[in-house]
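Inspection log for the structure reproduced underneath, given as structure tokens.
Everything numeric in this text was worked out from a predicted model, so none of it was measured. Every number for a ligand or one of its atoms is a count from 1 in the order of the listing. Numbers here are sequence positions counted from 1.
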Amino acid sequence: MKERIEAVKSNIAGIKISSSAELESYRIEFLGSKGKMKELFGELKNVPNEEKKEIGQLLNDLRQFAQSKYDEVKEQLESSDASIEKLDLSRPEEYIALGARHPLSLVRSEIIEIFSRIGYNVSEGPEIEDDWHNFSALNFPPEHPARDMQDTFFIQKGNNPKEEFALRTHTSSVQVRVMENQKPPIRTISPGRVYRNEAISARAHCFFHQVEGLYIDKDVSFADLKQTLLYFAKEMFGEKAKIRLRPSYFPFTEPSAEVDVSCTICNSKGCNVCKYTGWLEILGCGMVDPNVLEASGIDSKAYSGFAFGMGVERITQLKYRVNDLRLYSENDVRFLGQFKSAF
Ligand code: PHE
């Protein structure tokens with residue numbers, strides 16, 4: 001009996017197991033209900049009484065030896081290649097639905113990117129503004145008809161009609177805050193949402209997005225403004241883009257201009273988007289009025305500057321041919337999904 005136990009032990013020690021199938025046949029051969037261990041334990045009854053204790057002990061050791069080999073190999077297989085065996089390479093690929101960035105976010109990022117390359121930083125401010133930052137500091141006197149240019153939503157604070165706030169009608173308000181808090185030279189753009197009380201249609205909405213720019217330093221001229229805007233137009237619409245400036249009026253700039261870019265859709269030949277003029281209006285601009293500099297504590301004799309402001313919806317419309325403003329805020333995935341590959 002002792003020899004048989006020894007033989008089984010060296011048999012077990014010599015077995016090499018390298019897969020879970022081999023491990024299973026090992027288990028059946030030695031530890032299974034009809035296996036070697038069962039057989040040897042069954043023979044214990046034929047052993048003479050005086051040897052029973054010793055043989056029983058040897059058998060127990062042997063069973064433990066067989067079991068620990070099984071446990072060890074099992075653990076090894078599970079932690080390594082066993083996982084590869086479980087990988088089902090015939091399984092069809094799973095479809096992962098990727099989101100898309102909103103077209104306005106794409107274009108806003110692009111505008112920021114273009115201006116950051118020529119040294120502009122980004123400034124932000126509150127959407128609920130006081131009269132000073134949205135109007136008065138920008139040279140809109142009280143009761144001035146120019147306030148009507150920007151149909152304003154007002155908010156009353158508590159029950160006091162005197163404590164009135166406005167939803168900002170432009171992000172020029174942020175520029176006032178920058179001028180109040182920083183010393184020139186200032187080179188900043190202010191992206192953000194603005195509100196105007198307009199009837200919603202394909203061409204107008206009660207909220208939209210702007211990026212306004214401000215540059216203040218010694219000896220800033222109108223030529224600097226023009227060159228900056230030409231650079232922007234070429235970066236945004238391509239090397240062939242041209243700009244033209246038309247005289248205009250804003251309370252906070254003097255002189256003021258509106259800027260058109262050559263129609264990228266028909267190459268200035270005339271189409272229904274540019275209304276057969278070859279030009280598309282993209283922004284307003286001008287030299288900052290000395291009154292505005294002074295209102296924010298900047299010496300208008302030492303410094304001059306220019307400002308410009310554009311609508312992100314408008315630039316997006318021209319870049320992606322979006323012909324209805326309402327699409328931007330309806331969250332229709334058929335619209336939003338079209339911008340998946342645009343980064
Ligand atoms: N704030 C103007 C608007 O909202 C745009 C503008 C900005 C015009 C700066 C001139 C200079 O319409």
### Per atom 3 (C) of ligand 1, closest listed option by heavy atom (R168, R196, M310, M287)
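Closest candidate by heavy-atom distance is R196.
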Atoms in ligand 1 with a heavy atom of [X] nearer than 4.0 Å:
| X | answer |
| --- | --- |
| A307 | 9 (C), 11 (C) |
| F252 | 1 (N), 2 (C), 6 (C), 7 (C), 8 (C), 9 (C), 10 (C), 11 (C) |
| C285 | 8 (C), 10 (C), 11 (C) |
| S172 | 1 (N) |
| G309 | 6 (C), 7 (C), 9 (C) |

### Query
Looking only at atom types and distance, does a side-chain atom of N134 sit under 3.5 Å from a main-chain N or O of T169, one as donor and one as acceptor?
yes
### Task
Measure the shortest side-chain to side-chain distance between E124 and T171 over non-hydrogen atoms and say whether it is less than 4.5 angstrom.
no
### Query
Quick one: do E50 and K53 make a salt bridge, cutoff under 4.0 Å?
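Here E50 does not pair with K53 in a salt bridge, since their nearest N and O are not under 4.0 Å apart.
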### Query
Hey, does Q175 sit under 4.0 Å from ligand 1 if you only count heavy atoms?
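No heavy atom of Q175 comes that close to ligand 1.
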### Query
For ligand 1, which part of F308 has a heavy atom less than 4.0 Å away: the side chain, the backbone, both, or neither?
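It is the backbone that gets close, since no side chain atom is under 4.0 Å.
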#### Entry: Whether over 12 other heavy atoms sit under 6.0 Å from Q64 CD
no
### Message
I'd like to know whether CZ of R117 has more than 12 heavy-atom contacts from other residues, nucleotides or ligands below 6.0 angstrom.
### Response
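Check passes, neighbour count above 12.
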### Query
Pick one: which of S190, P191, P126 meets side-chain contact (heavy atoms from CB on, under 4.5 Å) with V174?
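Among the candidates, only S190 passes.
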### Task
Take the angle between the ring planes of F140 and F252 and call it parallel below 30°, perpendicular above 60°, tilted in between.
tilted
### Task
Examine H170 against ligand 1 and note whether any of their N/O atoms are separated by less than 3.5 Å.
yes
